[in-house]
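All remarks here apply to the structure that follows.
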Amino acid sequence: MDLDTLLSFHWSVMLPEFIILGVATLLSVIDLFMKKESSRKPLAWLAGAGVLAALISIFMQLDIEVTSILYDTYRLDSFSKAFKILLLLGTLLVIVLSSNYKKEDLEENRGEFYYLLLAALLGAMMMASSADLITLFVGLELLSLSSYVMAGLERRNKRSNESAFKYIVSGGIATAITLFGMSYIFGLTGETNLFKIAENMGNLELLEHSFLIVFAFIITFAGLTFKIAAAPLHMWAPDVYEGAPVPVTAFLSVVSKTAGFVILLRVIIICFIAAPGIDKEPILLQVQPYVMVLAAATMIIGNVTALRQRNIKRMFAYSSIAQAGYILVPFVSNSSLVFELIWFYLLAYLFMNIGAFTVIQLLSSQEGSTDIGIFRGLFRRSPWLAVPMTFFVLSLAGIPITAGFIGKFGIFMGALGLDPAHYWLAAVMMATTLVSYVYYFNIIAIMFFRDSEGSKVSIPGGMAAVLAFCTASILILGVMPDLALDFFYGNFDVNEFFMQIETEVHTHDH
Amino acid sequence: MNTWLLSILILSPLLGVLVLIFTPSQDEKSIKWIGILGTLFPLGTALVTLSAFNTSSKGLQLAEKFQWVSYEVFQSNGDVSYPIFYEVGVNGLSMILILLTTVVSVLAAIASFSIKKDWKSYFILFFLLEMGMIGVFAAQNLFLFFIFFEITLIPMFFLIGRWGYLEREKAAYSFLIYNGVGSAILLIAFVAMFMKTGTMNFEQLAYTFSLPQSELSDMNITKNFKMGMLIALLVAFAVKLPVAPLHSWMVRVHVQAPPPIVMLHSGILLKIGAYGLIVFGAGLFPDQFKSLAFIIGLFGVVNLLYGAFLALTQRDLKRVLAYSSVSHMGIVLIGLAALNEAGMTGAVFQVVSHGLISALLFFLVGVLYEREGSSQLKDFGGVAKRMPIFAGVMLAGGLASLGLPGMSGFISEFMAFLGLFETMPVLAAVGTLGLILTAVYVLRAVLAITFGTEKELSNAYDLSSTERIPAFILLAAILFIGIYPAWLSDMLRPTLDSILLGLGG
């Protein structure tokens, strides 16, 4: 690759990534030269500004048509734009959250935290944009490695150490599984480019190896579900969520999970859309029962185990597992609905979970505990904290006039709109939602029905802004979901996602 | 004005919320007055709506409609969109129920003077509940109906759990979980119908489902699907109504919730179940409803007898009334199962009449509880001497409840049984036993309190002037409907006719 080739690429399409990369580099250099004692708080502003700039640059890119550079490994299409908006928005809120994090331990490493966060974000963005197994994997590893370190940032906290250790071990295993699956995909098709894989998957010779294709699918799918904390690879989540600093937990549960769904959509749908399963049936139809069982198991395990948790961070870890189960349901909806449903749910999830973690952080840092008892009598003490928390919890439980309800309603449409409709999956989802009422409403009951003599919680300006923004977004999207859906339809073109394959598949048929 | 009238009516309770937000939470007196005035505004709007309502017209009135949410599905043969509309409107039945809601809300707000703490959040939740209840009856599509249905759930959870009696939290949870099960089933059925037909509008759904089977097969709607949907709806609304054996939550709520909230709950919220059975059950799937009529009637009779038997054995007045509600909801089922005009009229009359009677009786229980801190039957006796007006109202309420001619309860029981005797005489004959039991348990409870052996009462003073307002208004309404039922039946006739037309009766 000479200079001319390098310069011939439309580097401008990578503008958001460059901004993040630049800011992350800048942060690490500043951190290096800063005095050890001086506060790292300004770095938060810089990091926030960087993410905001990247977010704005995405909005400026909305009109750009599909462009792929670097020999088709990096691809800017409406899919990547739609999901990058979620990733950036989530990270922005996490940065505001972390700028008010009080733990002394994190204070020492503040600088480190911000550039690790941006590195993780960069990895996630690469995943959203890549069209090649190699770049996908590099993005995934960038996100994962940064996350492992972030989980252990509280150096003197044993829990945090344990959390990082568990995360890196189980994450490593998941990575190995993913790579193993990917190696089968490569071996079967001889390609790493997703669209070429899709093309080769339709190859008639492969029909003889359909068992291998199914095997490749299951292994890859299983490995990738690690990031979204779906059963059976969910065990890491409670320990890591509990041990990691609250902003990191928020990042893992929102941004990292979104990235997990991005890579699932990219790899699974593009690679296997035309692949034959056993007996020539399309594989995506054939493995539906597997995905459904996985989704159902995730919903059941997440919700039922959450019932027993006394630690609020652990409870949210299980709640987050359960939510991943809900979002897996659209994968079997067999239509373009899968994109809008997952996108909308993740958008809603972003607001409700970051909002909830904001409240958890404020409370746990004041009370010095993460027991659910810290919520006791919150309504009396700090109604301005209790009321937003109520909306977040109601939204997580899927009660109308919140974004969470619209998200769940959509998922139902996806599950029941098929022929034959997946009644039992909808029933499992509904039953587990009912189970979730118990622990979600328990938080509300503790806040409203119990009294305590605890003191008022002071809310810093930045946190108040996050709370207000998240609450408003949940209610606005709950009452006027078309604001988000219209934006999605206006800027997302499902044909773009499949563009290269559709032509390929057709030529192959004839 | 008329184009937005219904939306204004639905949102009108929010005005009270808005004012309350800016009221300091310690100012008890202002908050209570805002609480009452805040319910008068929806009542006024409801009366304006009533005056704009044309009782002789058959169809939907004051309808509003605009597109709200749209889901698009890209498919190779063109995009399919699933639009969801905001559509509201009223017919005779829903108009009456909205009126009932706003009236009972005002009276419950007056009764709320007995609330002891957190008045501000209490009334905010109260108004949200009222908005939900009005919305449920005004909604003209499944999505909107479900949203308002769920909106009633959340304020109720708080109102029971925060302001109720000793076991309030347990009652709040069992309310939440039972009703959650109901709405879960409801949601699955609603979405399934939406995805098959592409519409959520009541009228369009009713039309679609009435198409001949050959056309329905093209849309993949089988007879089994229709039956499945009907059963799902029946179960969902049976929880709400409630139908035995799904009634235990309701007894708990009636015993533990604060009296004004029980007035709303038994007066209005239980009626949502009946309304749903009439509009969705009989309205959307008349053929399937017919084939299940006997089972529905059987459940009705079971409810009637079971509730009455248990009411007979209770020692707590609240529990007596709670089981009497179970029993009286059986009459709604009986009327519906009759599948004829008399039965249907009886069912609808029972919905309205029981709303008034139970609101009155639970109000009176609240009065007793406030005076003496108890509602045990053994603690009261000979109240008539010291509280003559109270005793008089209570006796009248009891007589209405057991269906004395000239009171609203009589018309509904008479019509419902008249209908059932025509189609299922054996079942009806068994059911009449319930009426005797009703007379026994009502008289046992009411007479023991008013005229029984005099008990030592520390704090028994008669109804105060603020307490007389709800008592007299409710009693007047009960008598009015009892003496002049034509007013109500004229309102309901067009709606009933259209449902009966579907049933082919």
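Quick note on labels: first sequence line is chain A, next is B, and so on, each numbered from 1. Since the structure is predicted, the reported quantities are computational estimates derived from the model, not experimental observations.
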A:Ile446 side, atom CD1; B:Glu169 side, atom CD - distance, nearest 0.5 Å
8.5 Å

When B:Ile84, B:Asp118, B:Ile177 are compared by non-hydrogen pairs under 4.5 Å with chain A, the top option
B:Asp118

Interface residue of largest heavy-atom contact number with chain A, from B:Leu187, B:Leu153, B:Ile151, B:Ile185, under 4.5 Å:
B:Leu187

Given heavy-atom pairs under 4.5 angstrom as the criterion, report whether the side chain, backbone, both or neither of B:Tyr82 touches chain A.
side chain

Taking A:Phe449, A:Tyr423, A:Phe344 one by one, which has the highest count of heavy-atom pairs under 4.5 Å against chain B?
A:Phe449

Checking A:Thr390 against chain B: side chain, backbone, both or neither under 4.5 Å from a heavy atom?
side chain

Output, in order, the C-alpha distance, side-chain angles, deciding distance and verdict of side chain to side chain contact (heavy atoms under 4.5 Å, CB included) for A:Phe409 and B:Phe146.
CA-CA 11 Å; A:Phe409 183 83; B:Phe146 184 80; over 6 Å; no

Does any heavy atom of chain A fall under 4.5 Å from the side chain of B:Ile188, the backbone, both, or neither of them?
both

Heavy-atom distances under 4.5 Å only: say whether B:Ser121 touches chain A with side chain, backbone, both or neither.
side chain

Comparing B:Tyr86, B:Phe194, B:Phe143 against chain A, the one with the most heavy-atom pairs below 4.5 Å turns out to be B:Phe143

Can you establish whether the number of heavy atoms outside A:Tyr439 located under 6.0 Å from its atom OH is more than 12?
yes

Result for side-chain contact (heavy atoms from CB on, under 4.5 Å) between B:Ile147 and one of A:Ile399, A:Val479, A:Ile401 points to A:Ile401

At a heavy-atom distance under 4.5 Å, which candidate from A:Leu341, A:Asn442, A:Leu483 has the highest pair count against chain B?
A:Asn442

Check this for me: A:Trp384, atom CH2, are more than 12 non-hydrogen atoms of other residues, nucleotides or ligands nearer than 6.0 Å?
no

Value for CZ (B:Arg162) from CZ (A:Phe379), rounded to nearest 0.5 Å, stands at 7.5 Å

Could you grab the distance from atom OH of A:Tyr489 to atom OG of B:Ser81, nearest 0.5 Å is fine?
9.0 Å

Chain B: which of A:Leu337, A:Val435, A:Leu434 shares the most heavy-atom pairs with it under 4.5 Å?
A:Leu434

Taking B:Tyr71 for its side chain and A:Leu485 for its backbone only, find out whether a donor-acceptor pair lies under 3.5 Å.
no

Please check if atom CD in B:Glu215 has more than 12 non-hydrogen atoms from other residues, nucleotides or ligands closer than 6.0 Å.
yes

Just checking B:Lys65: does its NZ atom have more than 12 heavy atoms from other residues, nucleotides or ligands closer to it than 6.0 angstrom?
yes

Near B:Ile21 CD1, under 6.0 Å, is it more than 12 heavy atoms from other residues, nucleotides or ligands?
yes

Which heavy atom in A:Pro481 sits nearest to a heavy atom in B:Val69, and how many Å separate them?
CG-CG2, 3.5 Å

So, taking the atom named CG in B:Leu176 and the one named CZ in A:Phe441, what distance separates them when rounded to the nearest 0.5 Å?
4.5 Å

Minimal non-hydrogen separation, A:Met430 against B:Ala184, with atom names:
CG-CB, 3.2 Å

Could you look at B:Phe225 and say if it's the side chain, the backbone, both or neither that has a heavy atom under 4.5 Å from chain A?
side chain

Rounded to the nearest 0.5 Å, what separates atom CD1 in B:Ile154 from atom CD1 in A:Ile444?
7.0 Å

In terms of heavy-atom pairs under 4.5 Å with chain A, the winner among B:Ala192, B:Gly180, B:Ala172, B:Ser70 is B:Ser70

Relative to each other, are the rings of A:Phe448 and B:Phe158 parallel, tilted or perpendicular (30° and 60° limits)?
perpendicular

